[in-house]
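Scope of the values below: all heavy atoms of this structure, side chains included, with no hydrogens, waters or symmetry mates. A, B, ... follow the sequence lines: proteins, then strands. Residue 1 opens every chain.
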Number of protein chains: 2
Amino acid sequence: MELYIEQFKALGDKTRLAIIWLLNSVPGNLCVCEITDAIGESHCNVSRHLKILKGAKLVKEKKEGRWVYFDLAKPQDQVQSYILQALATIPADAFLEMTTRLKMRLSLRDGNRCVDGVKSDNWRRVVNKINDKNDINEDTSSECRKDK
Amino acid sequence: MELYIEQFKALGDKTRLAIIWLLNSVPGNLCVCEITDAIGESHCNVSRHLKILKGAKLVKEKKEGRWVYFDLAKPQDQVQSYILQALATIPADAFLEMTTRLKMRLSLRDGNRCVDGVKSDNWRRVVNKINDKNDINEDTSSECRKDK
DNA sequence: TTCATATATTCACAATTGTGCATACAATAT
DNA sequence: ATATTGTATGCACAATTGTGAATATATGAA
């Protein structure tokens, strides 16, 4: 009972719904920095929201060296299955820009593994190229770190 | 997009999830005082939660004289349908006591219409009878009104 | 080993939002 | 009029959110 409430509460947030949507839109898993760049939030916020989603048993994590990959958790009962189906039914155009950014971000992978940190030079290069063409708003998310 | 967030947020609350569950568990509609007595909250809180649920387009209301009846709103898209299916799949024993109280409350109806206000004498009588038998916790919800 | 660097998490703070309670208010029926 | 059903508002308090700094953990180089 409390779990259902926790799950609905977890999904009732813009950032967290976006995270779930991203994880739902790709077959494999995503690391924190990829999610961060795709969404355009500060990575400490993304980290905290991921923790909330993990507490609600909606995602599971897997650590590989410095990188932490997240994926959707397998639904534990019928209720959660329907919730996931509901999420999968949300029209894609609601997250269009974010999905585009994720595709660009994943193109930076090497051997299906993330090799670029948050806001890496490679990422900046790719984003700038698109900005010149399409005049997309530039990234204004905070750095969440004093250096650099 | 914002609607989905609003809906999930609306469902991420104990009282509101209970309200939706009640509406889902009976074929017809329920008036505010019936919901209030079944849940055991103050009726002004129930009223406000109902307003939130109405804002999220999860319930619809129908006024009949002094009484206001609420019912589940017809799902507007596939996403909402799956959400309702998820809610309908929540095991009943999670709300057992509340469902029992609702059945007792509905037994006070006359001609399928509510004729007893919040915490009426009839309701008190029925509850007391059960309390003597099963030693259920007595109702401790606030009155939400200075008179009476 | 030791140090620097990189990924990710956690902590502290302020701003915002949500909640329950009490009260006042509006609408309706008798 | 007067009682009753339900709503709206103000208040105090708790919960949530985003941000920056600090910390933890892992990698690699000197």
note: B:Y69, atom OH; D:dT7, atom P; distance rounded to Å ~ 13 Å
Ignoring hydrogens and angles, state whether a donor on the side chain of A:R109 or A:N112 is under 3.5 Å from an acceptor on the partner side chain. yes
By nearest-nucleotide position on DNA chain C, the 5'-leaning member of B:W67 and A:E34 is A:E34
Only one of B:D13, B:V59, B:I90 passes side chain to side chain contact (heavy atoms under 4.5 Å, CB included) with B:I20, and that residue is B:V59
B:K54 atom NZ is separated from D:dG6 atom C1', nearest whole Å, by 11 Å
Notebook entry, point to check: Centre of A:Y69's six-membered ring, under 6.0 Å away, within 45 degrees of the axis: is that where NZ or CZ of A:R113 sits?
Noted result: yes
*Would one find a side-chain N or O of A:H49 under 4.0 angstrom from OP1 or OP2 of D:dG18?*
yes
Reading nucleotides 11-18 of chain C from 5' to 3' and marking B where a protein heavy atom lies under 4.0 Å of the base, S where only the sugar-phosphate is that close, and - otherwise, the string is --------
Quick note, A:R66 side chain, CB onward, closest among C:dA8, C:dA6, D:dT4 is C:dA6
*asked:* Does atom NZ (A:K60) have a neighbourhood of more than 12 heavy atoms from anything else shown, all under 6.0 Å?
replied: yes
Judged by nearest nucleotide, the residue sitting upstream toward the 5' end of DNA chain D, B:C114 or A:K63, is B:C114
**OP:** Establish whether B:L106 and B:I19 are linked, either directly or via other cluster members, by ILVMFWY side-chain heavy-atom contacts under 4.5 Å.
**Re:** yes
- Item | Presence of B:S47 side-chain N/O under 4.0 Å of D:dG6 phosphate oxygens OP1/OP2 | no
Looking only at side chains, do A:D77 and A:Y4 share a donor and an acceptor under 3.5 Å apart? yes
When rounded to whole Å, the NE2 to C1' distance for the pair A:H43 and C:dT10 reads 11 Å
When rounded to whole Å, the CG to C1' distance for the pair B:N122 and D:dT5 reads 16 Å
Taken to the nearest whole Å, CG/B:L50 to P/D:dA8 is 11 Å
Here the distance between atom P of C:dA27 and atom CD of B:E64, to the nearest Å, is 19 Å
Against the side chain of A:N45, the closest entry in D:dT7, D:dG18, D:dA26 is D:dG18
d(B:F95 CZ, B:R101 CZ) to nearest 0.5 Å is 14.5 Å
Taken to the nearest whole Å, CG/A:D116 to C1'/C:dT5 is 15 Å
Closest of C:dT28, D:dG6, C:dT9 to the B:V32 side chain is D:dG6
With a 4.0 Å cutoff (strictly under), does any side-chain N or O of B:S120 reach OP1 or OP2 of D:dT5? no
note: B:R105, atom CZ; D:dT5, atom C1'; distance rounded to Å ~ 12 Å
